[in-house]
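Worksheet: one structure, shown below.
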Protein chains: 2
Amino acid sequence: MNVSGSQRATMLDVARLAGVSEKSVSRVVNREPHVSQKLRDKVEAAIAELGYVPDPAARSLAGVRSFTVGLWIDTRGLHYSMKLMEGAYEACRAHGYHLQVENLGSKIDDAAQVARLDNILRTSRLDGVIVTPLFSDNSAVMDFLESQGMPYARVSPFTHYGRAPAVFMDDAAAAGEVADLFVRNGHRFIGLVTGSPRHGAAVARRTGFLERIAIIAPDAVITEAEGNFAFEAGIAAGRQLLDVADRPTAIFATNDDSAAGVMTACAQLGLTVPDDVSICGFDDNLMAKSVWPYLTTVHQPIAELAQQAALLLIDRHADKRQTADVLLPHRLVERDTIRDLRTSEKVCRPAMGDDDA
Amino acid sequence: MNVSGSQRATMLDVARLAGVSEKSVSRVVNREPHVSQKLRDKVEAAIAELGYVPDPAARSLAGVRSFTVGLWIDTRGLHYSMKLMEGAYEACRAHGYHLQVENLGSKIDDAAQVARLDNILRTSRLDGVIVTPLFSDNSAVMDFLESQGMPYARVSPFTHYGRAPAVFMDDAAAAGEVADLFVRNGHRFIGLVTGSPRHGAAVARRTGFLERIAIIAPDAVITEAEGNFAFEAGIAAGRQLLDVADRPTAIFATNDDSAAGVMTACAQLGLTVPDDVSICGFDDNLMAKSVWPYLTTVHQPIAELAQQAALLLIDRHADKRQTADVLLPHRLVERDTIRDLRTSEKVCRPAMGDDDA
DNA sequence: CTGAAAGCGCTTACAG
DNA sequence: CTGAAAGCGCTTACAG
């Protein structure tokens, strides 16, 4: 019906074709109540026939909504940020929203940060903002948003639960599963590479792991080293943990970047993974398949986290109902860096290349 | 002046404060000609006093411009896509434009692709689109855009030069510099890890390297292996090149992912980098600093490429002038994977610049 | 060089 | 449950 190059249909076109008023078309498009089924059917048929898509600029200008949500991200890992954008963008696109990404950077103090946020809000029209780590635990940022009456959703908060709708995964439970995996494979001498205690996820992963170990293998010996969630610090942590007489048989690095560092430390010390040392990461980011052997790790659904957060903000208007927190599932991805100490076989997928040389 | 929480100023507010018509404010905001300096000064003062920012929705609705540019990307490397978005987004943000990212995927045939693009164009209002690899060399895509009269800019094209404004770097010249680096450090037995010949950059890098070697070291012995621009294929290529009697002393992997693969192959074969084998990559992506030692590579200014492409589309309206192609500089980043065969020292950052013998 | 009028495509506020 | 009128904040097209 819709010949390429033809003018885009307007709401008035739809109204005329359906034989109703523009307001009625508007009601159908916006899923407003009090519309008879008959009228709705006529309008929907006309919309389909004309391939009508509402003009967001007109909707924004006439109404109170801007059809734009903000995504505030820290200058953290490229992969993490990218996945966040991917997810938020997907939700926005599916609902005709624009996404306005703001790269905040966390190297300034709260007062300066708030001044900056104030400027952002003054020069944009936003229906809501998605606040991501480490801002999602920053109460100066939340105070400000609340003072402006700006709706927001939090990605992966670790404090102040309930202050605003949140989307998260259970880092502690996931770390507990890593503990299960280690113990199930016979490991009792264990290394733990931690992240900064300022980082909510780092704390949750460490605590979740330790608490689970205390339950299932109270006899286990655990040594810790700070890996700062970074490759180079991971190398140092790995050397610290491994360059000793009675080294651990397995190391849980609480993110993939530091896990890759630990693997490099192994190579430097002439240790083979997983024959000499088993390693598990956390995140399932790019690094996990950029090391050899491929890293066993916990998959964090970053894009989905941001997508759901965006939906929280979008649905807020569509359904007029307050939305609840959402917990997203994680997944332990068993690749090739864990060895089963009891059967002396490494745990891996069926087909793994030859490992001679 | 602008108290937090106050209403946003409109063009009418500015006009009243300056004592001129709205149309005059519009002329100043849009940098239209035929405006007296006196009027311009008054308007600009009022804009500054009120902190006025034009409403993009209203501009879009009233005018022919949508203040939205499209970014069409392939499902290639996450890092590459992220950098592209980062750059395009920055240009858009600085000019009050929206960015609409479309993840196209290249696994379908041209006809299906064009049908999809047609649908995208019909359901969006775009001022122009940034076309990125591998679409930037796809003539079906370009034909379609031209048939729709849609302005577009190409990122890193390798064919059909001049068909539309383009932004690129000189891959061949950069690869030539890698050849210079190898030869300068005394390497004559050289491995070359290539990418798919379908990929313009892969071809340019290979050719540029080979042609430069032919000039500066015609006696050099070069062996090639296909690395498919990927980590795992890079491992295979590295093993193929290195697991022989007279192995090369240096390998140029034409992208960083395959270079990381070659480094893994070295580890597997018990070879130390750069003592036994020197390695150079290309791209300077995340991998370059996620391997040890850090990879010497060519920095490709991906974000800047996309940023300039966006600017081409934005300025097109602002200045009403046809814009020309832009060539962006690359940079050879000497890190720690090249050894100087003549002095038996590895070349690394501290020693950069003065390596006279 | 400057401005008054009309209108972009929707939603709001109000009637019926 | 449905619709007619006004208006969002700009730009276009036209005058002067």
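These numbers come from a predicted model, not from an experiment. Letters A, B, ... are given to chains in the order of the sequence lines, protein chains preceding strands, and every chain is numbered from 1.
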Which pairs of donor and acceptor atoms, one on a side chain in residues 16-27 of chain B, lie under 3.5 Å apart (sequence neighbours left out)?
from	atom 1	to	atom 2	distance (Å)
S21(B)	OG	K23(B)	N	3.4
S21(B)	OG	S24(B)	N	3.2
S21(B)	OG	S24(B)	OG	3.4
S26(B)	OG	N30(B)	ND2	3.4

Pair assignment for DNA chain D - dot-bracket with | for other-strand partners, Watson-Crick or G-U under 3.5 Å: |||.||||||||.|||

Pairs touching residues 139-156 of chain B that satisfy salt bridge (Lys or Arg N to Asp or Glu O under 4.0 Å), sequence neighbours left out: D137(B)-R154(B), D143(B)-R163(B), E146(B)-R163(B)

Can you list everything that forms a side-chain contact (heavy atoms from CB on, under 4.5 Å) with [X]? Sequence neighbours excluded, please.
X       : value
A303(B) : K83(B)
I120(B) : W72(B), E102(B), L104(B), L117(B), S124(B)
L328(A) : V167(A), P301(A), E304(A), L305(A), Q308(A), V326(A)
A140(A) : D110(A), V114(A), N138(A)

Working for side chain to side chain contact (heavy atoms under 4.5 Å, CB included), residues L78(A) and E86(B): CA-CA 10 Å; L78(A) 223 47; E86(B) 203 174 300; 3.9 Å; yes

Residues forming a salt bridge (charged side-chain N to carboxylate O under 4.0 Å, His left out) with D74(A), sequence neighbours excluded: none

Spacing of K42(B) atom NZ relative to dT2(C) atom P, expressed in whole Å: 8 Å

Under-4.0 Å side-chain N/O to phosphate OP1/OP2 contact, S24(B) with dG3(C): yes

Where protein sits on nucleotides 7-16 of chain D, one letter per nucleotide: B base, S sugar-phosphate only, - none, heavy atoms under 4.0 Å: BBBBBBB---

